Amino acid sequence: MEVANVLTYLHTGFSRPIMFSGIHPSVILLDENYDVKLFDFSLSESIPEGKTHIITGKTGWGLSIVAPELASIVNEKSEVFSFGVLLVMLLTGKSIYSFEIGDCYSLLDNVKKYYQIGRFSKIADPIIIVGCPEIDQQQKLHDFTGIALKCVYKSPGDRTTMIDAAKQLKQMNRSAS
């Protein structure tokens with residue numbers, strides 16, 4: 001939720017939206033209070049006034065999770081895709097970086113398949129399942145997976161916005177408390 005809030009702030013809190021352009025697990029830290037911190041803004045760029053995207057030639061891009069339609073173009077929808085893949089990695093406990101590109105999309109398709117049939121125990125990392133009551137667990141996994149899948153639609157126009165993903169995660173977190 002905190003990562004979504006930070007990305008939302010970068011996209012909406014400035015006159016020129018800032019694209020983080022490097023979202024992946026190794027740029028997310030927890031401080032002594034377990035608050036989430038993003039670091040390494042070396043790939044970040046602001047979108048020029050009047051534009052909707054930036055074209056990047058920076059080399060660190062290979063480390064980030066890139067949307068299928070965008071190899072060098074960065075906009076909010078490409079960052080939403082990257083964030084959704086990050087959520088899938090948290091859900092499944094699998095690192096996208098250990099897969100070939102086709103396998104990454106196979107993982108997303110597999111998550112989508114199990115989401116549609118409601119078999120979350122088949123895709124969720126066993127660590128997040130332990131200790132949760134069955135009914136509560138199913139609803140939380142359903143909600144979390146639904147948010148992740150809204151972020152990784154193949155068509156950028158169909159993807160949710162970062163602000164909506166952040167709101168949905170916050171609402172999910174509140175209802176869990």
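Basis for what follows: all heavy atoms, side chains included, without hydrogens, waters or symmetry-related copies. None of the values given here were measured: they were computed from a predicted structure.
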ask   = Say you draw a straight line from CD1 of I23 to OG of S78; how long is it, rounded to the nearest 0.5 Å?
value = 11.5 Å
ask   = Say you draw a straight line from CG of L86 to SG of C151; how long is it, rounded to the nearest 0.5 Å?
value = 10.0 Å
Within-4.5 Å side-chain heavy-atom neighbours: V111 and L149 = yes
ask   = Are any of the side-chain heavy atoms of I123 and V88 separated by less than 4.5 Å?
value = no
query = Is there a donor-acceptor pair closer than 3.5 Å between any side-chain N or O of D31 and the backbone N or O of Y34?
reply = yes
inquiry  = Test your reading of the model: is there a side-chain donor-acceptor pair from T92 to the backbone of A124, 3.5 Å cut-off?
reply    = no
Partners passing side chain to side chain contact (heavy atoms under 4.5 Å, CB included) against H53 (at least two apart in sequence or in another chain) = I55, I73, N75
query = How many angstroms lie between atom CD1 of I147 and atom CE of M1, to the nearest 0.5 angstrom?
reply = 10.5 Å
Contact check, side chains of I54 and P48, non-hydrogen atoms, under 4.5 Å = yes
Check: S42 main-chain N/O paired with D40 side-chain donor or acceptor under 3.5 Å = yes
query = Is any side-chain heavy atom of V85 closer than 4.5 Å to a side-chain heavy atom of V152?
reply = yes
request  = May I have all residue pairs that pass salt bridge (charged side-chain N to carboxylate O under 4.0 Å, His left out) and include part of residues 163-172, sequence neighbours excluded?
outcome  = none
message = Could you check whether any side-chain N or O of K77 sits under 3.5 Å from a backbone N or O of R159, counting only pairs where one atom can act as donor and the other as acceptor?
response = yes
inquiry  = Restricting to side chain to side chain contact (heavy atoms under 4.5 Å, CB included), what partner residues turn up for Y9, sequence neighbours left out?
reply    = F14
inquiry  = Taking I47 as the starting point, is it possible to reach I163 by hopping between hydrophobic residues whose side chains are less than 4.5 Å apart?
reply    = no
note = NZ of K94 to CE of M89, rounded to nearest 0.5 Å, is 12.5 Å
request  = Using the side-chain contact (heavy atoms from CB on, under 4.5 Å) rule, take Q171 and R174 through it: C-alpha gap first, then chi angles, then the decisive distance, then the call.
outcome  = CA-CA 5 Å; Q171 182 176 355; R174 265 193 244 145; 5.6 Å; no
query = Are H11 and F20 close enough that their ring centers fall under 6.0 Å?
reply = no
query = Are side-chain heavy atoms of Q116 and K112 found at a separation under 4.5 Å?
reply = yes
Stepwise side-chain contact (heavy atoms from CB on, under 4.5 Å) check, M19 with E45 = CA-CA 5 Å; M19 298 297 109; E45 289 188 53; 5.6 Å; no
ask   = Between L91 and D125, is any pair of side-chain heavy atoms under 4.5 Å apart?
value = no
task = Mark yes when over 12 heavy atoms from residues, nucleotides or ligands other than I127 sit less than 6.0 Å from its CD1; otherwise mark no.
result = no
request  = May I ask you to test the F41-V27 pair for a side-chain heavy-atom distance under 4.5 Å?
outcome  = no
ask   = F83 versus T8: any side-chain heavy-atom pair under 4.5 Å?
value = no
inquiry  = Before you tell me yes or no, could you show the steps for I128 and L141 under side-chain contact (heavy atoms from CB on, under 4.5 Å), namely the whole-Å CA-CA distance, both residues' side-chain angles and the distance that decides it to 0.1 Å?
reply    = CA-CA 9 Å; I128 63 174; L141 289 173; 3.8 Å; yes
inquiry  = Are more than 12 heavy atoms, taken from residues, nucleotides or ligands other than R16, located less than 6.0 Å from that residue's CZ atom?
reply    = yes
key: Check against side-chain contact (heavy atoms from CB on, under 4.5 Å), L108 and Y153   = CA-CA 10 Å; L108 295 177; Y153 285 134; over 6 Å; no
ask   = How long is the span from the CD1 atom in I18 to the CD atom in E76, to the nearest 0.5 Å?
value = 13.5 Å
